[in-house]
Amino acid sequence: THQNFFPVYAKILLYRLKNQKTVLTDPACNVTMIQKCTYICVAVDTSGTEFDTSKYATKIAARASAWSTKAKDGVTTAFIGDSFFDENDFWTNFSSTYAGKDALCLGISSATTFDWEMIAEDIFGNVAPKNIVMHIGTNNIYDDGKSAAETVSALQRLFTMLHGYYPETGLYYFGIS
């Protein structure tokens, strides 16, 4: 269960990438910092097992169907990532929490940044989210055995890719530390 991964004090950081600036907000300290981002693009060999999304085929199809039928271009906010943002497995009250809001919960339990690199465009297609809110990276460490540095690099690559696909979309990252 996820409770095993939570420290006694969980600090939530919200990152927003837009117009090549990162806004770091720490609600516990009431501090906001703005810094310029350097985007580093690298070629990645996606033939490795960490990029194999076949085990999620049914969930990917369901998320893509929900997005294509319910989302409005540039209006709907998408919550993506791993089980923390999976309405079926963890965030079971998402629909009641966001009732009346234009938001969809599209997370996939056990997903990693590598998975979302492969599936984001398949799910969103040409319907750009207004915002993408994500919790991702936990499984890079706990399931794939990646180091913190490797996970940060993978997160940066995912953020850059999403920004490239949807440049007008606000990107938000939830991290629990």
Side-chain angles (χ1 to χ4, degrees), residues 2 5 10 12-18 22-25 37 39 44 46 50-99 101-144 146 151-177:
H2 290 288
F5 302 133
I12 298 176
L13 298 176
L14 177 65
Y15 299 84
R16 182 170 192 259
L17 298 175
K18 190 140 181 172
T22 302
V23 179
L24 305 172
T25 304
C37 293
Y39 293 107
V44 176
T46 59
E50 64 259 0
F51 290 97
D52 179 10
T53 61
S54 61
K55 63 185 172 189
Y56 305 120
T58 303
K59 289 185 176 187
I60 294 166
R63 301 317 188 262
S65 175
W67 184 257
S68 69
T69 58
K70 298 176 183 176
K72 297 178 203 87
D73 192 34
V75 176
T76 305
T77 294
F79 286 76
I80 70 167
D82 55 26
S83 61
F84 286 88
F85 285 0
D86 187 329
E87 191 171 15
N88 298 317
D89 296 323
F90 194 77
W91 198 351
T92 56
N93 65 344
F94 180 88
S95 292
S96 61
T97 301
Y98 284 89
K101 307 284 192 247
D102 199 344
L104 293 173
C105 193
L106 306 170
I108 297 175
S109 290
S110 299
T112 66
T113 59
F114 307 113
D115 298 317
W116 277 96
E117 283 183 69
M118 301 303 289
I119 67 176
E121 193 174 23
D122 293 335
I123 290 176
F124 298 129
N126 293 326
V127 181
K130 177 180 182 179
N131 301 295
I132 297 175
V133 182
M134 61 194 109
H135 181 280
I136 193 78
T138 303
N139 297 317
N140 289 49
I141 294 170
Y142 290 107
D143 294 341
D144 286 354
K146 301 298 182 188
T151 301
V152 167
S153 178
L155 284 165
Q156 290 172 331
R157 194 174 57 242
L158 176 63
F159 298 158
T160 301
M161 184 204 77
L162 289 170
H163 181 68
Y165 285 155
Y166 309 105
E168 299 303 315
T169 298
L171 301 177
Y172 296 87
Y173 176 74
F174 272 118
I176 299 174
S177 59

I need the minimum non-hydrogen distance between [X] and [Y], along with the two atoms involved.
{"X": "Asn93", "Y": "Ser96", "answer": "O-OG, 3.0 Å"}
{"X": "Leu158", "Y": "Met134", "answer": "CD2-SD, 4.2 Å"}
{"X": "Ala78", "Y": "Trp67", "answer": "CB-CZ3, 3.7 Å"}
{"X": "Leu162", "Y": "Ala120", "answer": "CD2-CB, 3.8 Å"}

| Who are the salt bridge (Lys or Arg N to Asp or Glu O under 4.0 Å) partners of Asp143, not counting sequence neighbours? |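 Applying salt bridge (Lys or Arg N to Asp or Glu O under 4.0 Å) to Asp143 gives none.
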Return the set of residues passing salt bridge (Lys or Arg N to Asp or Glu O under 4.0 Å) with Asp115 (not counting sequence neighbours), or none when no residue passes.
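For Asp115 there are no salt bridge (Lys or Arg N to Asp or Glu O under 4.0 Å) partners, ignoring immediate neighbours.
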Where at least one partner belongs to residues 102-111, residue pairs that pass salt bridge (charged side-chain N to carboxylate O under 4.0 Å, His left out), sequence neighbours excluded:
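Non-adjacent pairs meeting salt bridge (charged side-chain N to carboxylate O under 4.0 Å, His left out): Lys72-Asp102.
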Not counting sequence neighbours, which residues clear side-chain hydrogen bond (donor to acceptor under 3.5 Å, both in side chains) with [X]? List them please.
{"X": "Ser95", "result": "Glu87"}
{"X": "Ser54", "result": "Asp52"}
{"X": "Thr77", "result": "Asn131"}
{"X": "Asp86", "result": "Arg63, Ser109"}

Checklist entry - Is the backbone N or O of Pro129 less than 3.5 Å from a side-chain atom of Thr169, with the two atoms forming a donor-acceptor pair by type? => result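 Judged by distance alone, yes, a pair lies under 3.5 Å.
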- side-chain contact (heavy atoms from CB on, under 4.5 Å) between Trp116 and Ile80, intermediate numbers included: CA-CA 8 Å; Trp116 277 96; Ile80 70 167; 3.7 Å; yes
message = Are more than 12 heavy atoms, taken from residues, nucleotides or ligands other than Asn126, located less than 6.0 Å from that residue's CG atom?
response =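 Counting neighbours around CG of Asn126, 12 or fewer heavy atoms of other residues, nucleotides or ligands fall under 6.0 Å, so no.
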Contacts of type side chain to side chain contact (heavy atoms under 4.5 Å, CB included), residue [X], not counting sequence neighbours:
{"X": "Val152", "value": "Gln156"}
{"X": "Lys70", "value": "Leu104"}
{"X": "Tyr98", "value": "Phe79, Trp91, Phe94, Lys101, Ala103"}
{"X": "Asp122", "value": "none"}

List the steps and the verdict of ring pair (Phe, Tyr, Trp, His ring centres under 6.0 Å) for Tyr166 and Phe124.
CA-CA 10 Å; Tyr166 309 105; Phe124 298 129; 5.8 Å; yes
Margin query: For Phe114, give me all partners under ring-ring contact (aromatic ring centres under 6.0 Å, His included), at least two apart in sequence or on another chain.
Written below: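 Scan of Phe114 (ring-ring contact (aromatic ring centres under 6.0 Å, His included), adjacent residues dropped) gives Phe51.
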Point-to-point distance, once rounded to the nearest 0.5 Å, from [atom1] of [X] to [atom2] of [Y]:
{"X": "Thr151", "Y": "Ile141", "atom1": "OG1", "atom2": "CD1", "result": "4.0 Å"}
{"X": "Ile123", "Y": "Ser65", "atom1": "CD1", "atom2": "OG", "result": "11.0 Å"}
{"X": "Thr113", "Y": "Met161", "atom1": "OG1", "atom2": "CE", "result": "10.0 Å"}
{"X": "Thr112", "Y": "Asn140", "atom1": "OG1", "atom2": "CG", "result": "5.0 Å"}

| field | Name of the residue among Ile108, Leu106, Val133 meeting side chain to side chain contact (heavy atoms under 4.5 Å, CB included) with Phe85 | value |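 Checked Ile108, Leu106, Val133 against Phe85; only one passes side chain to side chain contact (heavy atoms under 4.5 Å, CB included): Val133.
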Are side-chain heavy atoms of Asp144 and Asn139 found at a separation under 4.5 Å?
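SC-SC contact between Asp144 and Asn139 ruled out.
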Would you please indicate if the ring centroids of Phe159 and Tyr173 are separated by under 6.0 Å?
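Centroid separation for Phe159 and Tyr173: below 6.0 Å.
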